[in-house]
There are 2 protein chains.
Amino acid sequence: MSSIHDVARYSGVSTATVSRALRGLPNVSPRTRQVVQAAAAELGYVASPSASALSSGRHRAVALVVPSMGRWFYTEVVEGADGVLRTEGYDAFLINLALGAEGRGRLFSHSLLRKRADAVIALGIDFTPDERRELRSLAVPLTVVGGAVPGVRTVGVDDLQATEAAMEHLVGLGHRRIAHIGGENEHGMDYTVAQARRREWRTVLARIGVTPPPAWFGSGGFLLPQAKRAALEVLRGPDRPSAVFAGSDEMAFGVLLAARDLGLRVPEDLSVIGIDDHSWSESFGLTTVRQDPQAQGGAAARIVLDELAGLPVHGLVHHAASELVIRGTTAPPAA
Amino acid sequence: MSSIHDVARYSGVSTATVSRALRGLPNVSPRTRQVVQAAAAELGYVASPSASALSSGRHRAVALVVPSMGRWFYTEVVEGADGVLRTEGYDAFLINLALGAEGRGRLFSHSLLRKRADAVIALGIDFTPDERRELRSLAVPLTVVGGAVPGVRTVGVDDLQATEAAMEHLVGLGHRRIAHIGGENEHGMDYTVAQARRREWRTVLARIGVTPPPAWFGSGGFLLPQAKRAALEVLRGPDRPSAVFAGSDEMAFGVLLAARDLGLRVPEDLSVIGIDDHSWSESFGLTTVRQDPQAQGGAAARIVLDELAGLPVHGLVHHAASELVIRGTTAPPAA
DNA sequence: TTGAAAGCGCTAACAG
DNA sequence: CTGTTAGCGCTTTCAA
């Protein structure tokens, strides 16, 4: 494992020049740069990140903070962020909050965030005021994906708009009895997303003069099994809705399975719509509002990278696109 | 951001003593240790990983190499590995091969593996001989999860046994016309897993005197959409099987959706079994062979940690448990 | 355009 | 049990 000294010796220049040449800094003659690059390649030299970090204060690494790995949205965002980071020569650290190991409280004092990462990308997390203050004190660029957090840079779909698109589709088909399976008070989850979708569901319903009874809301916790259970209850209730708006595709799958178990035909007896356009949604034939979490992760990465480069970053809230995708789980209500 | 010097000054000892005290090394008086710990806590001191790495050669970080983030198995393994790593004070680096950014070829010369990680945990990857050689040359502990790779330490279920459990269940119910939806030649996938399951499917069938026609095999690539497509073909074929053995639960879901689309009742018209016990399988009512990838990830982490600690690690192949879970998608064939 | 030299913050002998 | 002394491998002024 050769060091910068080997390269310097091999190419007959100083270590300082090697450093400059390899990092593409100016004030290096083309000829010298070439010689140095050749030497580095020859010796298989790769700069030690630890040494660079120690002397420069830059780690070329960003921390990805995720509430858990089990949800499609998160893994997609991670993949998207990781992609552009790697392209820019940055490494991605994983910080998974799902594990009890490191309590959420101590997260922000963790060495990683303090001394191993130049920036942080946090997914769908609703920080407490304390945590936010701590983050700011780190003076580290931070961007949150999926879920607006006041005062923090954010990338994500406009939840109101996405929900409205879904609801309007249902309403446009003639539905009025629309239930909602949503997330709620998940620990580590950004429940503002769930809240926004739920609120907008009510709003659209109110617009057509409908006040949903409590039985039309089920807490699915953004997980399929839980959503299925909730849907089972909603659909077995006395006042069965003609359609269900699920807060995510994963929860919509749960609704679909619940309907199947109850012998309800979709979309004849029940319409179902979700939000996401999960990679399995097409196979399920699910009507949904598409978003692109991978692009969102990439956008977040680009933002923190820009900040690190000292480039000006425009707004605080970056809205990602969303788009209605009509498939087979929605239709006009039966008579 | 205080340094070791601040702590030393604050507690009236040398930096060497601070280092020893905080790392729990012997030869520090209890009293001194306490003073130092108090000082560190007071100052919010956390050792700089870069500096420690530079002087000790240890990074306290391990690289997690995954073919992609979109598959349940991988994310579970990552979560399991990350959990024990974090508990032991190690950080996890993510190296996602799904992204074109860094071609697979150059992966192993990447700085991460060379100069940022003390060990590598690779998921379901079938290394080429070249890659294996390179890895060994790094002199870094390596463990592969899910898919035996000759000459490399491995954690995973016994694919033959798991497949046999699934097939014997079907055969025990009276099925003889059993199709298989499996993975095949996925780039970056460990196709030895797919091959083992496919081979064993044939073996069990041969045992009961059945030679499956080519139309009874469909390539599902370990992905739901692809598996559904393959299943559609298999089930529409002239010689429709009475049961399908899917190489993973995700593929089994695809088979279930295909059956739904074709109007086939499960399990009356078609039995379906998978391997995994995916977190959604219970909701689908899927009969399957359970494995615990999170535990496997944890086991792999513990192994590399032991190796790093210089502890002896027993065998090369560590078989994880698997267990038949009977639910609602399997039944005796109709007449 | 290039080099010399002084660290970055920690660990690891080696003394004491 | 504790302190001193060298570095680890880079980056970065400051000179030349």
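We name chains A, B, ... by the order of the sequence lines, and we start the count at 1 in each one.
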* State plainly whether the residues A:Glu307 and A:Arg153 are in salt-bridge range, i.e. N to O under 4.0 Å. =>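 The answer is yes: the pair qualifies as a salt bridge.
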* Asked: Got a salt bridge between A:Asp91 and A:Arg86, using NZ or NE/NH1/NH2 to carboxylate O under 4.0 Å?
  ->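 Salt bridge between A:Asp91 and A:Arg86, a charged N being under 4.0 Å from a carboxylate O: yes.
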Among [options], which nucleotide sits nearest the side chain of [X]?
X       : options                : value
B:Ile4  : D:dC10, C:dC10, C:dG3  : C:dC10
A:Tyr45 : C:dA12, D:dC10, C:dC10 : D:dC10
B:Ser14 : D:dT11, D:dT4, C:dC10  : D:dT4
B:Thr17 : C:dG9, D:dG3, D:dG9    : D:dG3
B:Arg20 : D:dG3, C:dG3, D:dT11   : D:dG3

Quick one: [X] [atom1] to [N] [atom2], roughly how many Å, whole number?
X        : N      : atom1 : atom2 : value
A:Arg116 : C:dC10 : CZ    : C1'   : 13 Å
A:Leu43  : D:dG9  : CG    : P     : 15 Å
A:Leu22  : C:dT2  : CG    : C1'   : 16 Å
B:His5   : C:dT11 : NE2   : P     : 12 Å

* Hey, mind stepping through A:Thr75 and A:Arg71 against side-chain hydrogen bond (donor to acceptor under 3.5 Å, both in side chains) and telling me if it holds? -> CA-CA 6 Å; A:Thr75 54; A:Arg71 288 209 251 290; over 6 Å; no
* Structure fact -> Within residues 23-36 of chain B, the residues having a heavy atom closer than 4.0 Å to DNA chain D are B:Asn27, B:Val28, B:Ser29, B:Thr32
* Are any non-hydrogen side-chain atoms of A:Leu142 and A:Val152 less than 4.5 angstrom apart? ->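 They are in contact (side-chain heavy atoms under 4.5 Å apart), so the answer is yes.
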* Asked: Given C:dC10, is OP1 or OP2 found less than 4.0 Å from the side-chain N or O atoms of B:Ser56?
  ->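 The answer is no; no side-chain N or O of B:Ser56 sits under 4.0 Å from OP1 or OP2.
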* Asked: OP1 or OP2 of C:dT11 sitting under 4.0 Å from any side-chain N/O of B:Ser19?
  ->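 Answer is yes, contact under 4.0 Å.
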